[in-house]
Amino acid sequence: MYKPIPNGTTEDVYGYKVHIPPVGFGINRITGKLEPTDILKRSDVKEEQYWEATFYPPKYKQRLAKEEELQKTDKDYFDPELEDFREQEWGRRLRGVWFWNKGKLVYITGLHYLFLNWWGIDVGLPEFFDYQRKIFYLVDLSIEDEKAYGLLLVMLRRGGKTYIIGVFVYEFISRVKKARGGLVSKTDKDAKNEVFKKAIVSPYKTLPHFFKPTMDTGKGSNPESELRFGMPSKRGAGADKVYDDEEMQELDSFIDFAASGEHGYDGPKLRRYGCDEPGKPGNRFDPYRRWQVAKKCLWDNRKGIIGKALLATTVDEINDKDKKFQQLFKDSDPTKRLSNGQTTSGLLAVFVPATEARCLDKYGYADTEKAYQEIMAEREAYKNDPEKLAEAIRKDPITIEEAFRSTTRDCLFDMTKIHEQLDFLAWNENITERGNFVWENGVKDSKVVWEKNSNGRWLIPKGFILKPEETNMIEKRSNLFFPLNNWRFGSACDPYRANRTEDHRRSMGTSIVKQKNNLTNHEDFFIEAYVSQYYARPNTAEMMYEDMLLQSVYFGCSILIENNVGNGPFDYFRRRGYGPFLMHLPGYKEPGVPSSVPNKQTAFYFME
């Protein structure tokens, strides 16, 4: 599905160009060749055409038992109809099938067929959903792409991703000799119970015998740590007996799970790697680092990429570790490949909008417009509760930006507006410029200018340029300097007191400047926007105070400083003759404001 197919068609699937075989044909998973395959049709009536699983032939169990009994005396005997059925199902597993769905022929891959027709999940056999058809297309595309290590999938909850991981790992490992499949999740317990046991072992037990290679039952018939395919380990009197027939069927392949940390799989060769919920690391592991370690298990120094991965997840509350996953997703952008043909991460990123997986009809298609209206109505119900609104958006994301939204508690401001800005910043590059405010020619109390510097302490938005006459709007009266631009700009600062903390932690100094208005240009894009951000910790506190003075002079505005650090910044401004730049709030004799939630709200009101 990665390369063009003779007489085939193409479909845009979540941003990828997928090549689909011509009707009546499929791609053999083993040989990669185009081969004839079945076309299924449950009814000639268009409205009654939808996916329906293929069932066993009549009296299958009884006939199978009779076949096995006769094979005890005639090893070459087989029931012709049962053998035809087995060959039919193996062909469909390898090549996929076409089926009529509401008057339209639809192709599903062999992996998807195994999933739909035989992979028993918690509610029985899966239903056909069109969004899952697209996911299985992209799984095969990533397998066929020789430069890709696999697929990184972000989607809504309850979308079947864990079971898809299970069948992805099992299908290959259960038919290839000396192959290992590995599973990880957000916790060790989840890797065992939610992925290995629920999405591998349980479905395995429901498979027909011809899709179940001989299982090593040496550790019992209910695997707890690995599902191993090979000659059964016998115990007791027959332990030393050689079972030639079983040995001929031996694969010596297995599926296991590893610890959820960054080094769960570190060294062993893996042919398939399934990672459930990498977007929910909490504070337990760095998901990017874990992938970098596991990636090496899919590589051979002589052969190159020997294994494929499927990482599938929803996204939880964003913290520093979750941001690492967000970076992993960004580094898996298929449109940004390196000179070696790979993305930075080696993965191919995919996002499935929530509108694709809701309001599904019996044909598996989503009414995306109705789904959108439902989602918007749910969000409208939380419009006065920013925390619940952000959580609802993240659980049913329509865009990838929404999938990575955080639920910021105890925030003083409009979280919807903040998230809109965070989304823009997170997914757009080169939108800020770093530099420093400095005295022109190094002469203090002269003129402050902006200098670009890749290691600078300030960030300003690109495109925000003040004309020389718009800067340094201050006035000197006697020995004091006064700001003249408070109508346009306001600033606030959270400084630090000590030059060095006792436990060597670095409390950073922060400051922001907001442009409130621009009477000379009402079309200014940056009206009501923050136009400067300071986040640094110079070697001494007084160096930071000088930075704040420089910033205040450049913008010509007062500065509101939190006074929880003592009088240091206030004394410094007064000593330099810039005391009039210190903002006073009503009800306080001294400039500045104590650090508290009500005061922060008041502070921002007066700053704006």
Side-chain angles (χ1 to χ4, degrees), residues 1-2 10-21 26-27 29 51 93 96-99 101 106-119 121 123 125-145 148-172 183 195 199-200 203 272-279 308-315 328-329 332-334 343 347-361 363-366 368 371 396-400 403:
M1 311 200 88
Y2 177 68
T10 62
E11 179 181 348
D12 182 274
V13 177
Y14 304 131
Y16 291 83
K17 185 178 182 180
V18 175
H19 296 274
I20 302 172
I27 300 295
R29 304 186 70 78
W51 171 258
R93 169 176 168 176
V97 298
W98 290 82
F99 78 99
N101 197 26
V106 176
Y107 176 70
I108 60 174
T109 66
L111 182 62
H112 196 185
Y113 179 82
L114 177 64
F115 179 74
L116 287 174
N117 210 79
W118 298 110
W119 202 248
I121 62 175
V123 293
L125 287 177
E127 297 180 71
F128 171 81
F129 298 131
D130 195 56
Y131 76 90
Q132 289 184 347
R133 172 188 67 88
K134 296 176 182 179
I135 291 173
F136 279 103
Y137 276 10
L138 295 181
V139 169
D140 272 21
L141 180 144
S142 71
I143 292 172
E144 294 171 17
D145 184 348
Y149 280 86
L151 202 65
L152 175 57
L153 175 66
V154 172
M155 60 187 299
L156 82 169
R157 287 155 177 75
R158 302 173 303 279
K161 58 182 174 48
T162 306
Y163 288 109
I164 294 174
I165 288 174
V167 75
F168 161 77
V169 173
Y170 178 86
E171 196 285 323
F172 183 87
L183 304 166
V195 189
I200 294 281
R272 288 293 183 267
Y273 174 75
C275 179
D276 186 48
E277 301 290 16
K308 296 288 181 172
L310 176 56
L311 292 74
T313 189
T314 53
V315 181
L328 177 62
F329 190 90
S332 304
D333 185 344
T343 64
L347 295 168
L348 303 178
V350 180
F351 169 69
V352 180
T355 50
E356 293 261 327
R358 292 179 53 145
C359 301
L360 299 160
D361 59 24
Y363 308 102
Y365 297 119
T368 54
D396 283 304
I398 297 174
T399 65
I400 185 60

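Numbers for residues simply follow the sequence, beginning at 1. Reckoned from all heavy atoms, side chains included, excluding hydrogens, waters and symmetry mates.
Ring-centre distance between F99 and W51: below the 6.0 Å cut-off.
In terms of heavy atoms, P278 sits closest to A312 at CD-O, 3.4 Å. The minimum heavy-atom distance linking L153 with M155 is given by the pair CD2-SD, 3.7 Å. Contact record, I398 with P353: O-CB, 3.6 Å, taken as the closest heavy-atom pair. Heavy atoms only, all atoms of each residue included: P203 and W119 are closest at CB-CE2, 3.3 Å. Y107 and I27 get closest at one heavy-atom pair: OH-N, 3.6 Å. Nearest heavy-atom pair across S332 and L328 is OG-O, 2.7 Å.
Aromatic ring pairs are classed by plane angle as parallel below 30°, tilted from 30° to 60° and perpendicular above 60°; the pair Y131 and F129 is parallel. Using cut-offs of 30° and 60° on the angle between ring planes, the pair F128 and Y365 is perpendicular.
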- Given the rule in the side-chain contact (heavy atoms from CB on, under 4.5 Å) test, do L311 and L347 qualify, once you have shown the distances and angles that lead to the verdict? CA-CA 9 Å; L311 292 74; L347 295 168; 4.1 Å; yes
- Task: Please lay out, stage by stage, how F136 and F115 fare under the test ring pair (Phe, Tyr, Trp, His ring centres under 6.0 Å).
- Result: CA-CA 10 Å; F136 279 103; F115 179 74; 5.3 Å; yes
- Take Y113 and W118 through the test ring pair (Phe, Tyr, Trp, His ring centres under 6.0 Å) and record every step on the way to the result. CA-CA 8 Å; Y113 179 82; W118 298 110; 7.7 Å; no
- Given the rule in the side-chain contact (heavy atoms from CB on, under 4.5 Å) test, do Y16 and L141 qualify, once you have shown the distances and angles that lead to the verdict? CA-CA 9 Å; Y16 291 83; L141 180 144; 4.2 Å; yes
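Summarising the local packing, CD of E144 is surrounded by more than 12 heavy atoms from other residues, nucleotides or ligands at distances under 6.0 Å.
Contacts of D333 classified as side chain to side chain donor-acceptor pair (under 3.5 Å), with partners at least two apart in sequence or in another chain: T335. Under the rule for a side chain to side chain contact (heavy atoms under 4.5 Å, CB included), the partners of I143 that lie at least two apart in sequence or sit in another chain are R29, V139, D140, F168, R272, K308. Checked against side chain to side chain donor-acceptor pair (under 3.5 Å), Y14 has the following partners two or more places apart in sequence or in another chain: E356. Qualifying side chain to side chain donor-acceptor pair (under 3.5 Å) partners for S142, counting only residues two or more places apart in sequence or in other chains: none. Judged as a salt bridge (charged side-chain N to carboxylate O under 4.0 Å, His left out), and not counting sequence neighbours, the contacts of R133 are E11, D130. Residues satisfying the ring pair (Phe, Tyr, Trp, His ring centres under 6.0 Å) test with Y137, not counting sequence neighbours, are none. Remark: T355 pairs with no residue by the side chain to side chain donor-acceptor pair (under 3.5 Å) rule, at least two apart or across chains.
No side-chain donor-acceptor contact under 3.5 Å links E171 to the backbone of L114.
Counting only heavy atoms from C-beta outward, the side chains of I200 and V167 never approach each other to under 4.5 Å.
Salt-bridge annotation for D396 and R358: present, with a side-chain N of the basic residue lying under 4.0 Å from a carboxylate O of the acidic one. Residues K161 and D276 are paired through a salt bridge, judged by an N-O separation under 4.0 Å between the basic side chain and the carboxylate.
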